Number of protein chains: 2
Amino acid sequence: MATKIFIIEDEPSIIKLVQHNLEKEGFIVSSSLNGNEGLKELKKFQPHLLLLDWMLPDLSGIDICKSIRRESNLKNLPIIMLTAKGESEDKIKGLNSGADDYITKPFSFNEVLARINALLRRSEPNTVADNLEYEDLKLDRIEKRVYRGEKHIDLGPTEFRLLEFFLVNPKRVYTRDQILENVWPNNINVESRTIDVHIRRLRQAINIGGKKELIRTVRSSGYSLI
Amino acid sequence: MATKIFIIEDEPSIIKLVQHNLEKEGFIVSSSLNGNEGLKELKKFQPHLLLLDWMLPDLSGIDICKSIRRESNLKNLPIIMLTAKGESEDKIKGLNSGADDYITKPFSFNEVLARINALLRRSEPNTVADNLEYEDLKLDRIEKRVYRGEKHIDLGPTEFRLLEFFLVNPKRVYTRDQILENVWPNNINVESRTIDVHIRRLRQAINIGGKKELIRTVRSSGYSLI
DNA sequence: TAAGTATGTTACAGTTTTGTTAAAAATTAA
DNA sequence: TTAATTTTTAACAAAACTGTAACATACTTA
């Protein structure tokens, strides 16, 4: 899924510059020229990251930031503050109000891009890389395909998500609860044993032609990708 | 557990300033004055965050950054670059090498603190390896694996918890009651002799190939990890 | 030294956890 | 709609782990 970015900034020239370039980079971008309206649209748009100007005609960036951090479903939204204020005091105020990063004007687009990527990499590993690899296993998120070496592997949707999840942190052991939470759609209730069945199917699919087993069972803990 | 921060920076005055103030904030801080040594100590110290200088006498901060991102158990270590280079180009290079944030000198301590907190807030708890080591014994809590030297050791769940418990305070002697209380699930009742059997199993597992005995019996008291 | 106490070792039965299969239920595609 | 695919559950099999008892060995002390 493409990454969505929302911009709240009152200077049209900046919006134009940033929005255009971000779209060229493959992001889906939406923006607003003022605070109150921006806050509303933001909730509809559900972005993966917010670029937020400090000085706005109505609400201040700080207020927006605080307001966002109070909303339970936006609590973790990565926020980059965008502002002319370069004083150290201001940076601290900005960061403490809940922003994750802070860029002072004037800035180059490349700096914005680098910080966006750094922040996205941190906040949600799966929004960045298009494909994941481990040993001779390759998963392409765009094509939704999996390969073991040269061989193409057909996976059902759940097995695909399961493998995708494991590939983000290979070697790490996950409990069944963690797997459920991350691989299954929210608020769904399935038996934890259901996972075992999907693990089995995934194993069967990726262990082709006598190749090495790639999923490790850790008794009383869970599973890991080797 | 307190948050551990590691600093690699060649200017003693900066180390002193930052380290002292961070400790006042309740962090556990360790530091190194150069790259190669720092990288080694870092792996032992297992910090939750790294403050990394760009310009170092031997390795550059960029190289250290890249090297860290290649280590599977340090992949998610939050890194803040600390440097005199303020040019936009450099920032991009720094962030793209895998750093999560970037502070230019001169900085105020409060700005460093604000950025540290912003980054820690963002980073997923538990992604940083809380590994335990003693002599050539290594226990990885994330991967749930144990190594003696290079050799991988397979342990059952109880033996794993037992070793984990001993590794927190090596050399300390624990009574069977203390072991029961800390290693066994609450409200379970097992004979104290059961511990002896698990100790034996653990011993057998970790004393591979004529290596030195690591568990000491203290008659009429209990056991300790040497 | 011998008796008494503490620990080492082993085997095994019972328990828990995981693997595997098949069929019912749900979802998606035609 | 029906057909095809996918997901979930349940049931049983297999494997791994646990606790205990029983005996062996080592240490302590009278």
Side-chain angles (χ1 to χ4, degrees), chain A residues 144-146 152-166 173-208 210 212-226, chain B residues 144-146 152-166 173-208 210 212-226:
Chain A
K144 299 247 179 242
R145 275 174 183 279
V146 174
H152 171 246
I153 288 169
D154 239 334
L155 293 181
T158 305
E159 281 70 53
F160 186 89
R161 292 199 308 276
L162 193 55
L163 180 59
E164 184 179 19
F165 174 62
F166 278 123
V173 177
Y174 291 99
T175 64
R176 289 183 177 71
D177 280 348
Q178 289 175 313
I179 295 173
L180 268 188
E181 205 162 297
N182 287 286
V183 176
W184 267 256
N186 272 348
N187 318 326
I188 210 164
N189 245 32
V190 294
E191 298 285 323
S192 102
R193 286 303 314 274
T194 301
I195 294 164
D196 299 16
V197 178
H198 286 283
I199 287 281
R200 148 129 173 103
R201 288 208 266 265
L202 180 55
R203 274 184 169 142
Q204 208 160 28
I206 65 179
N207 292 3
I208 45 174
K212 172 179 150 199
E213 172 70 55
L214 284 179
I215 293 174
R216 176 168 71 119
T217 305
V218 183
R219 189 174 230 259
S220 83
S221 290
Y223 298 96
S224 79
L225 191 67
I226 285 297
Chain B
K144 298 231 185 266
R145 280 184 189 277
V146 174
H152 170 246
I153 289 169
D154 244 330
L155 294 181
T158 306
E159 281 69 56
F160 188 91
R161 292 198 308 275
L162 193 54
L163 180 59
E164 186 179 16
F165 174 63
F166 278 121
V173 179
Y174 292 100
T175 65
R176 289 182 177 69
D177 279 348
Q178 289 174 312
I179 294 173
L180 266 188
E181 202 160 301
N182 287 286
V183 176
W184 267 257
N186 274 348
N187 319 325
I188 211 166
N189 245 35
V190 295
E191 298 285 323
S192 103
R193 288 302 317 272
T194 299
I195 294 163
D196 300 13
V197 177
H198 284 283
I199 287 281
R200 144 111 178 123
R201 286 177 186 146
L202 180 55
R203 274 181 169 144
Q204 202 161 31
I206 64 178
N207 292 2
I208 45 173
K212 171 180 150 199
E213 172 70 53
L214 284 179
I215 293 174
R216 179 167 65 117
T217 305
V218 183
R219 189 169 227 264
S220 81
S221 291
Y223 299 97
S224 80
L225 190 67
I226 286 299

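From a predicted model like this one, the values you see are computed outputs, not experimental measurements.
- Comparing A:R219 and B:R201, the nucleotide of DNA chain C nearest to each residue sits closer to the 5' end for B:R201.
- B:L155 places its CG atom 14 Å from the C1' atom of D:dA16, with the value rounded to the nearest Å.
- In this structure, CZ of B:R193 is placed 14 Å from P of C:dT10, rounded to the nearest angstrom.
- Under 3.5 Å, the side chains of A:R203 and A:T217 contain a donor-acceptor pair of N or O atoms.
- The main-chain N or O of A:V183 is found under 3.5 Å from a side-chain atom of A:R161 such that the two form a donor-acceptor pair.
- Between D:dT20 and B:T194, a contact under 4.0 Å exists linking OP1 or OP2 to a side-chain N or O.
- In this structure, A:I199 and B:I199 both approach DNA chain C, and ranking their closest nucleotides by distance from the 5' end singles out B:I199.
- Listed pair B:R203 / C:dG8 meets the phosphate criterion, a side-chain N or O lying under 4.0 Å from OP1 or OP2.
- Between the CD1 atom of A:I195 and the P atom of C:dT17 there is a distance of 15 Å, rounded to whole Å.
- Residue B:V197 has its side chain nearest to D:dT20 when only C:dA22, D:dC17, D:dT20 are considered.
- Going from atom CZ of A:R200 over to atom C1' of D:dA11 covers 15 Å, rounded to whole Å.
- In this structure, CD1 of B:I188 is placed 9 Å from P of C:dT16, rounded to the nearest angstrom.
- Residue A:W184 has a polar side-chain atom (N or O) positioned under 4.0 Å from OP1 or OP2 of D:dT8.
- Among the protein residues, A:E159 comes within range of the sugar-phosphate backbone only, with heavy atoms under 4.0 Å from sugar or phosphate atoms but none that close to a base.
- Neither OP1 nor OP2 of C:dA6 sits under 4.0 Å from any side-chain N or O of B:Y223.
- Side-chain N/O atoms of A:T217 include none lying less than 4.0 angstrom from OP1 or OP2 on C:dT17.
- When the C1' atom of D:dT8 is taken as reference, atom CG of A:L180 falls 12 Å away, rounded to whole Å.
- The residue A:H198 sits close to a base: some heavy atom pair falls under 4.0 Å.
- Exactly one residue among B:L225, B:L162, B:I226, B:L163 makes a side chain to side chain contact (heavy atoms under 4.5 Å, CB included) with B:I215. That residue is B:L225.
- The distance between atom CG of B:N207 and atom P of C:dT9, rounded to the nearest whole Å, is 10 Å.
- With rounding to the nearest 0.5 Å, the separation of CD1 in B:I179 from CD1 in B:I195 is 5.0 Å.
- Open room surrounds CD on B:E181; 12 or fewer heavy atoms of other groups in view lie less than 6.0 Å from it.
- For the pair A:R216 CZ and C:dG19 C1', the interatomic distance rounds to 18 Å; values are reported in whole Å.
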